> 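Take a look at this one; I'll ask things after.
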Amino acid sequence: MPSKKSICYNKIAESITERNNQIPELLQKILEILNTIVAVNDIENNKIEELKRKIDTITRYQKPYISKMLNELLLQNPINVEIICNYIIAEQNEINIKESTKETKIHLSKFFSNNKSFYDMTKENILDYLNNLKKPSSIDPTHKSIGTWNARQMLFLNSLGGYIIKMNLTTQKG
């Protein structure tokens, strides 16, 4: 009759043998996962490089901080950067927008940065941004902030807001 010690040793040996037989399978699964991660990273890196080229294109004649702002946002929320870049490029191609219009739309991107995706943005979110621009009369006696508010409201609600709504409808259908 084997001792309790030898039974325990045999069970440990069996367990080790069983686990050793599973190691090649585990290593194969780990290798597959790592290959998938590398492939996804390659795709993401290509996408990031493409977005950097788009940022360079739309900020070519902007103040340097505008390009810096979008590149920083790219690290936080690449989806929003892609949306704003595609939108500005489309507008450039269709109606040749002014540089100041681009700058304003980029500021909206920065305001929401990684807090909100443009896909989830509502009219109320844009109004929150606009209301953030308002200053009290004691700070802004000439009420320039009201003019800024009115101009940006027209800009966002008439153009960018419609673009975001159209994108949301197309992504919901697809």
Side-chain angles (χ1 to χ4, degrees), residues 33 36-174:
I33 291 169
T36 302
I37 290 170
V38 167
V40 167
N41 282 338
D42 286 347
I43 291 168
E44 287 178 1
N45 287 339
N46 290 340
K47 188 82 160 176
I48 296 293
E49 289 305 314
E50 178 187 335
L51 287 173
K52 284 181 179 179
R53 283 191 298 278
K54 287 181 178 183
I55 289 171
D56 289 343
T57 299
I58 66 174
T59 61
R60 183 176 299 133
Y61 303 109
Q62 293 285 325
K63 297 168 193 139
Y65 82 92
I66 298 293
S67 175
K68 182 181 177 191
M69 186 188 313
L70 266 182
N71 279 302
E72 287 172 357
L73 183 60
L74 180 60
L75 301 174
Q76 298 171 352
N77 194 334
I79 293 170
N80 277 2
V81 171
E82 181 177 24
I83 292 168
I84 200 69
C85 286
N86 289 342
Y87 175 71
I88 290 173
I89 289 170
E91 263 198 332
Q92 272 182 305
N93 293 337
E94 292 175 21
I95 58 174
N96 196 22
I97 60 173
K98 297 189 315 186
E99 293 299 315
S100 60
T101 303
K102 290 183 206 177
E103 183 177 336
T104 300
K105 291 176 181 182
I106 292 168
H107 277 289
L108 177 70
S109 306
K110 178 63 177 171
F111 179 77
F112 288 106
S113 61
N114 60 352
N115 300 326
K116 186 91 164 165
S117 165
F118 280 153
Y119 288 119
D120 301 325
M121 193 174 296
T122 64
K123 179 179 177 179
E124 288 75 27
N125 297 132
I126 294 173
L127 289 172
D128 286 343
Y129 164 74
L130 293 169
N131 290 330
N132 190 49
L133 299 173
K134 287 185 181 177
K135 297 175 184 167
S137 295
S138 59
I139 295 174
D140 184 18
T142 59
H143 302 288
K144 287 184 178 181
S145 67
I146 293 174
T148 302
W149 192 96
N150 289 335
R152 289 190 182 177
Q153 178 196 31
M154 284 179 34
L155 185 75
F156 290 130
L157 299 181
N158 292 337
S159 59
L160 184 59
Y163 180 77
I164 291 169
I165 290 167
K166 285 178 193 171
M167 278 184 12
N168 287 340
L169 291 175
T170 10
T171 53
Q172 288 171 1
K173 288 179 185 175

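When reading the values below, keep in mind they use all heavy atoms of this one structure, side chains included, and skip hydrogens, waters and symmetry mates. Predicted model only: the values in this text are computed from it and were never measured.
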> How long is the span from the CD atom in Glu103 to the OH atom in Tyr65, to the nearest 0.5 Å?
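Answer for the CD-OH pair, Glu103 versus Tyr65, is 4.0 Å.
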
> Taking all non-hydrogen atoms of both residues into account, name the closest pair between Ile55 and Val81 and its distance.
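Between these two residues, the closest heavy atoms are CD1-CG1, 3.8 Å.
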
> side-chain contact (heavy atoms from CB on, under 4.5 Å) with Ile89: which residues, sequence neighbours excluded?
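Lys54, Ile58, Gln92, Asn93.
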
> Could you state the interatomic distance from CD1 (Ile97) to CD1 (Ile88), rounded to the nearest 0.5 Å?
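These two atoms lie 5.5 Å from each other.
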
> To the nearest 0.5 Å, what is the distance between CD1 (Ile106) and OG1 (Thr101)?
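Interatomic distance, Ile106 CD1 to Thr101 OG1, rounded to 0.5 Å: 10.5 Å.
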
> Using side-chain contact (heavy atoms from CB on, under 4.5 Å) as the criterion, list what pairs up with Glu94, not counting sequence neighbours.
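If we apply the side-chain contact (heavy atoms from CB on, under 4.5 Å) test to Glu94, skipping adjacent residues, the hits are Ala90.
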
> Applying salt bridge (charged side-chain N to carboxylate O under 4.0 Å, His left out), which residue pairs with at least one partner in residues 80-89 are found, sequence neighbours left out?
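Salt bridge (charged side-chain N to carboxylate O under 4.0 Å, His left out) check on residues 80-89 returns Lys47-Glu82.
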
> Are Ile146 and Asp140 close enough, and set up right, to give a side chain to side chain contact (heavy atoms under 4.5 Å, CB included), and what steps lead you there?
CA-CA 9 Å; Ile146 293 174; Asp140 184 18; 5.7 Å; no

> So, do Ile84 and Leu73 sit near enough that their side-chain heavy atoms are less than 4.5 Å apart?
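The answer is no; the side chains never approach within 4.5 Å.
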
> Does Tyr61 have any side-chain contact (heavy atoms from CB on, under 4.5 Å) partners at least two apart in sequence or in another chain, and if so, which?
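So Tyr61 forms a side-chain contact (heavy atoms from CB on, under 4.5 Å) with Glu99.
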
> For the pair Glu91 and Lys102, find out whether any cationic side-chain nitrogen is under 4.0 Å from an anionic carboxylate oxygen.
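So Glu91 does not pair with Lys102 through a salt bridge.
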
> With sequence neighbours left out, write down each residue that passes side-chain contact (heavy atoms from CB on, under 4.5 Å) with Arg60, or none if nothing qualifies.
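side-chain contact (heavy atoms from CB on, under 4.5 Å) list for Arg60, sorted by chain: Thr57.
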
> Mind checking what makes side-chain hydrogen bond (donor to acceptor under 3.5 Å, both in side chains) contact with Asn71, not counting sequence neighbours?
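Residues passing side-chain hydrogen bond (donor to acceptor under 3.5 Å, both in side chains) with Asn71: Ser67.
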
> Kindly write out the residues that satisfy salt bridge (charged side-chain N to carboxylate O under 4.0 Å, His left out) with Lys135, not counting sequence neighbours, or none if the list is empty.
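Result, salt bridge (charged side-chain N to carboxylate O under 4.0 Å, His left out) vs Lys135: none returned.
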
